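Beneath this line is the structure, given in structure tokens, with notes to follow.
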Amino acid sequence: MYIPFENLPEQSRIWIYPSNRKFSDDEVTEIEKELTEFLNNWSAHGSALEASYQIRYNRFIILAINQEVHPATGCSIDASVSFIQSLEQKYNVDLLDKMNVTYKQGEFITHKTLLEFKKLAKDKAVSGNTIVFNNLVNTIEEYNENWEIPANESWHSRFF
């Protein structure tokens, strides 16, 4: 069942899906409706999951569940991945490709393949101070503290 994101405890499990392009405002409105409907019906072994979402920068879809109420199971995680795949097809975007890096370039957000980012680091077009999105965080607490961080404080640091 959908609940507001801010009502979830800090230890709630999250999954972050970065888009290879920015969604339009109209697309965000549609996606929010689809997410709410999906989360209202999302369950694990017949038990409703207390879940929420955020869409950040019109580019990131963040799903979250309160594992204290009921943890996600393999089948419920599969259902969420299927839902994300349906969004990929409908909006012609990549959301599941983990071999990409999303980072801030001034006020803009840029999305590059891992190889392109590595080359940018080598060419000094990005630095250890570049703000990257660490989409490997697992909880709301980690998301709040370590999602947007300098590259040299994340797994991206190996490129500098």
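The first residue of the sequence shown is numbered 1, and numbering continues consecutively from there. Worth saying up front: this structure is predicted, and the values here are computed from it rather than measured.
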Nearest heavy-atom neighbours spanning Ala51 and Leu39 | CB-CD2, 3.8 Å

Where is the tightest heavy-atom contact between Phe5 and Gln54, given as atom of each residue plus distance?
-> CD2-NE2, 3.3 Å

Give the C-alpha distance, both sets of side-chain angles, the deciding distance and a yes or no for side chain to side chain contact (heavy atoms under 4.5 Å, CB included) between Val137 and Asn134.
-> CA-CA 6 Å; Val137 295; Asn134 178 14; 3.9 Å; yes

Between Phe159 and Trp155, how do the two ring planes meet: parallel, tilted or perpendicular, split at 30° and 60°?
-> perpendicular

Which word best sums up how the rings of Tyr2 and Tyr53 line up, parallel for under 30°, tilted for 30 to 60°, or perpendicular for over 60°?
-> tilted

Separation between CD1 (Ile55) and CD (Glu32), nearest 0.5 Å, reads 4.5 Å

Going from CG on Leu95 to NZ on Lys98, what distance comes out if it is rounded to the nearest 0.5 angstrom?
-> 9.0 Å

Tyr103/Lys112 under side chain to side chain contact (heavy atoms under 4.5 Å, CB included): CA gap, chis, key distance, verdict | CA-CA 8 Å; Tyr103 61 97; Lys112 298 285 185 194; 3.8 Å; yes

How long is the span from the CD atom in Glu37 to the CG atom in Leu35, to the nearest 0.5 Å?
-> 10.5 Å

Are Thr110 and Gln105 linked by a side-chain donor-acceptor pair shorter than 3.5 Å?
-> yes

If you take all heavy atoms of Ser19 and His111, which pair is closest and at what distance?
-> O-ND1, 3.6 Å

Mind listing the closest non-hydrogen atom pair of Ala151 and Phe160 along with its distance?
-> CB-CE1, 3.5 Å

Spatial distance of atom CH2 (Trp42) from atom OG (Ser80) [nearest 0.5 Å] | 4.5 Å

Please check if the side chain of Thr29 supplies one atom and the backbone of Asp25 the other of a donor-acceptor pair under 3.5 Å.
-> yes

Verify whether one side chain among Glu116 and Thr113 offers a donor that lies under 3.5 Å from an acceptor in the other.
-> yes

Side-chain donor-acceptor contact under 3.5 Å, Glu68 with Gln11 = no

Heavy atoms, side chains only, cut-off 4.5 Å: are Thr102 and Val132 in contact?
-> no

Does atom CG of Asn92 have more than 12 heavy-atom neighbours, drawn from other residues, nucleotides or ligands, at distances under 6.0 Å?
-> no

Are Arg13 and Glu142 ion-paired here, with the side-chain N under 4.0 Å from a carboxylate O?
-> no

side-chain contact (heavy atoms from CB on, under 4.5 Å) with Ile61: of Ile31, Val28, Ile16, only one passes, and it is Ile31

Phe117, Leu136: one ILVMFWY side-chain cluster at the under-4.5 Å cut-off?
-> yes

Residues Tyr57 and Glu148: side-chain donor-acceptor under 3.5 angstrom | yes

Verify the cluster assignment for Met99 and Leu115: are they in a single hydrophobic cluster under the rule of side-chain heavy atoms below 4.5 Å apart?
-> no

Verify whether one side chain among Asn100 and Asn20 offers a donor that lies under 3.5 Å from an acceptor in the other.
-> no

Heavy-atom donor-acceptor pair, Asn7 side chain to Ile3 backbone, under 3.5 Å = no

Distance (rounded to the nearest 0.5 Å) between Asn144 CG and Ile14 CD1 = 8.0 Å

One should read off an interatomic distance between Asp94 CG and Ile84 CD1, to the nearest 0.5 angstrom, of 12.5 Å

Distance-only side-chain donor-acceptor flag, Arg59 / Tyr17, under 3.5 Å = no

From the list Arg21, Lys22, Lys90, side chain to side chain donor-acceptor pair (under 3.5 Å) with Glu27 holds only for Arg21

Going only through I, L, V, M, F, W and Y residues with side-chain contacts under 4.5 Å, is there a path from Leu49 to Phe38?
-> yes

Between Ile65 and Val81, is there a shared hydrophobic cluster once you connect ILVMFWY residues whose side-chain heavy atoms come closer than 4.5 Å?
-> yes

For side chain to side chain donor-acceptor pair (under 3.5 Å), just list the numbers for Trp147 and Asn135, CA-CA rounded to whole Å, side-chain angles, deciding distance to a tenth of an Å, and then say yes or no.
-> CA-CA 7 Å; Trp147 182 50; Asn135 297 320; 2.8 Å; yes

Hey, is CD on Glu10 packed in by over 12 heavy atoms from elsewhere, all under 6.0 Å?
-> yes

I would like to know whether Ile62 and Tyr143 meet side chain to side chain contact (heavy atoms under 4.5 Å, CB included); could you show each step before the answer?
-> CA-CA 10 Å; Ile62 296 102; Tyr143 167 68; 3.7 Å; yes

Can you check side chain to side chain contact (heavy atoms under 4.5 Å, CB included) on Leu8 and Glu50, steps first, answer last?
-> CA-CA 8 Å; Leu8 289 171; Glu50 192 172 279; 4.2 Å; yes

Test Phe60 against Phe133 for ring pair (Phe, Tyr, Trp, His ring centres under 6.0 Å), laying out the working first.
-> CA-CA 10 Å; Phe60 299 90; Phe133 294 91; 4.6 Å; yes

Which atom of Ser12 lies closest to which atom of Pro9, heavy atoms considered = OG-O, 2.8 Å

Look only at the side chain of Asn152 and the backbone of Ser157, and say whether a donor-acceptor pair between them is shorter than 3.5 Å.
-> no

Closest non-hydrogen atom pair, Val93 against Leu87 = CG2-O, 4.3 Å

